[in-house]
Engineer: 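So that we are looking at the same thing, I have put the structure below in structure tokens.
In the text below, chain A, chain B and the rest are named by the order of the sequence lines, each starting its count at 1. Keep in mind that this is a model prediction, so the values were computed, not measured.
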Number of protein chains: 2
Amino acid sequence: MTLRDVSEASGVSEMTVSRVLRNRGDVSEATRTKVLEAARELGYVPNKIAGALASSRVNLVAVIIPSMSNMVFPEVMTGITEILDETELQPVVGVTHYKPEREEAVLYQMLSWRPSGVIIAGLEHTEAAKAMLGAAGIPIVEIMDTDGEPVDSAVGISHRRAGRKMAREIIDSGYRRIGFLGTKMPLDHRARKRFEGFTEVLAKAGLEIVDSEFYSGGSALAKGREMTEAILKRNEEEPLDFLYYSNDMIAAGGLLYCLDKGIDVPGEIGLAGFNRIEFIDGLPRRLATMDSCRIEIGRAAARIIAQRVENPQEGMGEVITLEPSIELGDTLKRRKKPL
Amino acid sequence: MTLRDVSEASGVSEMTVSRVLRNRGDVSEATRTKVLEAARELGYVPNKIAGALASSRVNLVAVIIPSMSNMVFPEVMTGITEILDETELQPVVGVTHYKPEREEAVLYQMLSWRPSGVIIAGLEHTEAAKAMLGAAGIPIVEIMDTDGEPVDSAVGISHRRAGRKMAREIIDSGYRRIGFLGTKMPLDHRARKRFEGFTEVLAKAGLEIVDSEFYSGGSALAKGREMTEAILKRNEEEPLDFLYYSNDMIAAGGLLYCLDKGIDVPGEIGLAGFNRIEFIDGLPRRLATMDSCRIEIGRAAARIIAQRVENPQEGMGEVITLEPSIELGDTLKRRKKPL
DNA sequence: CTGAAAGCGCTAACAA
DNA sequence: TTGTTAGCGCTTTCAG
């Protein structure tokens, strides 16, 4: 089923059929109806492969993210889709599972379809990936993180700054014996940077992380519970007074554990997570957290791509740094008598 | 940057370059190295658009799902990816937000890229969408649901049966005053079918849903709480003894609410959800639920596509019905004295 | 093992 | 307003 079939069925040249189907140029209402009718009757679906080759225009935006299953990237997608839906552009998603070599492969695959732009999570890529991004000749937006050098544009937050901010808040509230709970993911650079910012501020205050726990795989909520139990038990003689989690899901697990055990939160121990996922609204206590601005990052990235597609000469290298807001909730409160 | 550039840089014909880059046919080791070298130096990325047009082979599988943000579809994707990763095929995802007209549009867009197969959620589609699926001439697998007539192949569970099974379990355990909590989504056919199966069994036992609550949008966990509070308050004179939720997330909210209020679960009231999401492992009580077999559905669907791509003449119309297993957990227990 | 010619289905550019 | 011509960058096919 090709344009030619529609052309023959309607008795109109292929070119005119093409014009009708794309709403391009002037076509008389009569031929227009004739063509549309024929196309509908035949069940014609245009071949974008041929169209794209002929016009060298592809209305696809490659979106490359580390994971689909942890609640944060679907929200980024929501923001992206929201903006792209107002344009002709369509997102196409690739998932890397936090593996650089996988990212490189996915990027290669996607670039081979000659998309109109790339939105890619993070600033850390293999040399080859950076080379591809640099040479692609299309707008590139690196998202989620602004601690580093983008290839082109970037939209995100400073995770180092986010870590610092939370550390200050915790110290200022009078907590001193702080534990850290996170993922076993050396390649989650954003978690790493938050951790670095966090420990940096602690160090300046003469403090250190007292103990830490790491997990991988499984139900994050359950892991949060288990890790919390483990870290608390391990430090019973000199108890911890604060637990900083690298994401809200494990923090929620920790919160549920503490409540189960009748531990006074935040009196006996304070808790904080990261991401401000919607989920935490349903918990028994409002968990302290920090908004990672996911929807807004998605929106801003999509806007940059859309603008650059409209206007290819303008706006290279734009960097947007969003400011994550802290939310103290009920689990991070100024202590009566700070040490 | 085209094949021609690589051809010129390496002094080998375009055709031979093409052969090397696709590992096709016999090429001497010497020219092979020469070509690969040139391609690498130039940073050549093949143009799949041209390749696909010339070969009329596209290694894309269209995956059309209603939503990305409710935990269940990412798991289906996991299953699909797991299988497709062993092949040349790549999934491309489109999201419909449970809107038939959106589904139709997304399907049209995807078919215009001439994918090798389509995996699409549900058996209910617009007439136009069904026509497109029927005429596409590629393997189609409708997933998640088997209560109805598939266009071609299908993999899923019977949601009617799932609803019936849970109803029987609840009744057999001695619960009689049953409330239902779900989503305001007339177009979520699977939830509707579960509900129908559920009420059907109730009716046979001379019972009816005593009261119900519906939500849309917002944090599902928080909504679960709110709805539970509402439905319990509304029925204080003649209290409900069981709450059946259309998904685990709102059920979890309900469970947390009940525990907060010191309500005895399952003594005073029983609870059950649906989906068996990983998340529920971290809750204070093991929630009764039913496995919706998401990963396995993804895997089976991908296997069907992969086989049919290998062997186009075989296997049309295969239907795989999975059997969801019930998990009683701690929130659905045989009552001491059934009425 | 290598190359030349033809064409995939569509659209840009120009002509009528 | 409509049609004609010439490719887009690759692969198929056939010839060497």
Side-chain angles (χ1 to χ4, degrees), chain A residues 1-36 38-39 42-60 88 108-109 111-116 135-138, chain B residues 1-36 38-39 42-60 88 108-109 111-116 135-138:
Chain A
M1 177 63 41
T2 70
L3 251 197
R4 162 167 246 137
D5 298 311
V6 181
S7 163
E8 281 169 6
S10 62
V12 175
S13 79
E14 285 187 44
M15 197 54 231
T16 302
V17 171
S18 169
R19 286 193 184 99
V20 171
L21 265 20
R22 287 177 299 145
N23 296 307
R24 274 281 206 312
D26 291 322
V27 180
S28 75
E29 200 47 43
T31 46
R32 190 185 162 63
T33 338
K34 220 172 5 177
V35 169
L36 253 22
L42 293 171
Y44 173 68
V45 177
N47 185 330
K48 283 213 180 172
I49 297 178
L53 183 59
S55 65
S56 46
R57 252 195 295 280
V58 181
N59 63 342
L60 261 24
E88 298 282 70
Y108 187 79
Q109 292 298 324
L111 287 181
S112 73
W113 287 100
R114 301 292 188 267
S116 294
I138 53 176
Chain B
M1 177 61 42
T2 70
L3 249 197
R4 161 166 247 137
D5 297 311
V6 181
S7 161
E8 281 168 5
S10 62
V12 175
S13 79
E14 286 187 43
M15 198 50 236
T16 301
V17 172
S18 170
R19 284 195 185 97
V20 172
L21 264 22
R22 287 177 300 144
N23 296 308
R24 273 283 204 313
D26 292 323
V27 181
S28 74
E29 201 45 44
T31 47
R32 190 185 162 64
T33 339
K34 218 174 6 179
V35 168
L36 253 20
L42 292 171
Y44 173 68
V45 177
N47 186 329
K48 284 212 181 175
I49 298 178
L53 182 60
S55 65
S56 45
R57 252 195 294 277
V58 182
N59 62 342
L60 262 24
E88 297 283 68
Y108 186 80
Q109 293 298 325
L111 287 182
S112 73
W113 288 100
R114 300 292 188 267
S116 294
I138 52 176

Engineer: Which of the following nucleotides, D/dT2, C/dT2, D/dG7, is nearest to the side chain of A/Ala54?
Structural biologist: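 Output: D/dG7.
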
Engineer: Find the distance A/Lys48:NZ to C/dC10:P and express it as a whole number of Å.
Structural biologist: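 Going from NZ in A/Lys48 over to P in C/dC10 covers 13 Å.
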
Engineer: Below the 4.0 Å mark, does D/dC10 have OP1 or OP2 next to a side-chain nitrogen or oxygen of B/Ser55?
Structural biologist: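 For D/dC10, neither OP1 nor OP2 has a side-chain N or O of B/Ser55 closer than 4.0 Å.
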
Engineer: Counting the atoms with a prime plus P, OP1 and OP2 as sugar-phosphate, which does A/Ser56 contact under 4.0 Å by heavy atoms, base, sugar-phosphate, or nothing?
Structural biologist: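 It contacts nothing in the nucleic acid.
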
Engineer: Of the listed nucleotides (C/dG9, C/dG3, C/dT11), which one gets closest to any side-chain atom of A/Arg22?
Structural biologist: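 Nucleotide nearest to A/Arg22's side chain: C/dT11.
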
Engineer: Compare every heavy atom of A/Ala9 with every heavy atom of A/Ala38, then report the nearest pair and how far apart it is.
Structural biologist: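 In terms of heavy atoms, the two residues are closest at CB-CB, 4.2 Å.
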
Engineer: Could you tell me whether A/Thr2 contacts a base, only the sugar-phosphate backbone, or nothing, with contacts defined as non-hydrogen atoms closer than 4.0 Å?
Structural biologist: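 Sugar-phosphate: the residue A/Thr2, judged by heavy atoms under 4.0 Å, touches backbone atoms but no base.
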
Engineer: I need the CG-C1' distance between A/Asn59 and C/dT11, as an integer number of Å.
Structural biologist: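 To the nearest whole Å, that distance equals 15 Å.
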
Engineer: 5'-most contact on DNA chain C: A/Arg57 or B/Thr16, nearest heavy atom basis?
Structural biologist: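 Here B/Thr16 is the residue nearer the 5' end.
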
Engineer: B/Arg19 CZ to D/dG9 P: how many Å, rounded?
Structural biologist: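 Going from CZ in B/Arg19 over to P in D/dG9 covers 21 Å.
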
Engineer: Please confirm whether the shortest side-chain N or O distance from A/Ser18 to OP1 or OP2 of C/dT11 is below 4.0 Å.
Structural biologist: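 So the side-chain polar atoms of A/Ser18 do come within 4.0 Å of the phosphate oxygens OP1 or OP2 of C/dT11, strictly under.
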
Engineer: Check the distance between D/dG7's P and B/Arg4's CZ and give it to me in whole angstrom.
Structural biologist: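 Answer to the nearest Å: 12 Å.
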
Engineer: Do the non-hydrogen side-chain atoms of B/Leu3 and B/Leu21 ever get within less than 4.5 Å of each other?
Structural biologist: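 The answer is yes, as the side chains (C-beta and beyond) meet within the 4.5 Å cut-off.
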
Engineer: Between B/Met15 and A/Pro46, which is nearer to the 5' end of DNA chain C once each is assigned its nearest nucleotide?
Structural biologist: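 Upstream on the strand: B/Met15.
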
Engineer: Base, sugar-phosphate alone, or nothing: which one does B/Asp26 contact when heavy atoms must sit under 4.0 Å apart?
Structural biologist: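 The answer is base, as B/Asp26 lies within the cut-off (heavy atoms under 4.0 Å) of a base atom.
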
Engineer: For a 4.5 angstrom cut-off between non-hydrogen side-chain atoms, does A/Asn59 reach A/Lys48?
Structural biologist: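 Yes - at least one pair of side-chain heavy atoms lies under 4.5 Å apart.
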
Engineer: Taking only side-chain N and O atoms of B/Ser28, does any of them lie within less than 4.0 angstrom of OP1 or OP2 on C/dT2?
Structural biologist: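 Affirmative; the distance criterion is met.
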
Engineer: Suppose we call a contact any N or O donor and acceptor under 3.5 Å apart; does that hold for the side chain of A/Arg114 and the base of D/dG9?
Structural biologist: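 There is none.
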
Engineer: Could you tell me how far apart A/Arg24 (CZ) and D/dT1 (P) are, to the nearest whole angstrom?
Structural biologist: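 Whole-Å distance recorded here is 16 Å.
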
Engineer: Hey, are the side chains of B/Pro115 and B/Val58 touching, using non-hydrogen atoms and a 4.5 Å cut-off?
Structural biologist: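 B/Pro115 does not reach B/Val58 side chain to side chain.
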
Engineer: Heavy atoms only: give me the nearest A/Arg19-A/Val27 pair and the separation to one decimal.
Structural biologist: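 Smallest heavy-atom distance, with atoms named: CB-CG2, 3.9 Å.
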
Engineer: Just how far, in rounded Å, is P of D/dG3 from CG of A/Leu3?
Structural biologist: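 Taking CG of A/Leu3 and P of D/dG3, I get 13 Å after rounding.
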
Engineer: Calculate the interatomic distance between A/Glu14 atom CD and C/dA12 atom C1'; express it in whole Å.
Structural biologist: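 So the CD-C1' distance, A/Glu14 to C/dA12, works out to 14 Å.
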
Engineer: Tell me whether the side-chain N/O atoms of A/Tyr44 come closer than 4.0 Å to OP1 or OP2 in C/dC10.
Structural biologist: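 Yes, such a contact exists.
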
Engineer: In this structure, how many angstroms lie between the C1' atom of D/dC8 and the CE atom of B/Met1, rounded?
Structural biologist: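 These atoms are roughly 16 Å apart.
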
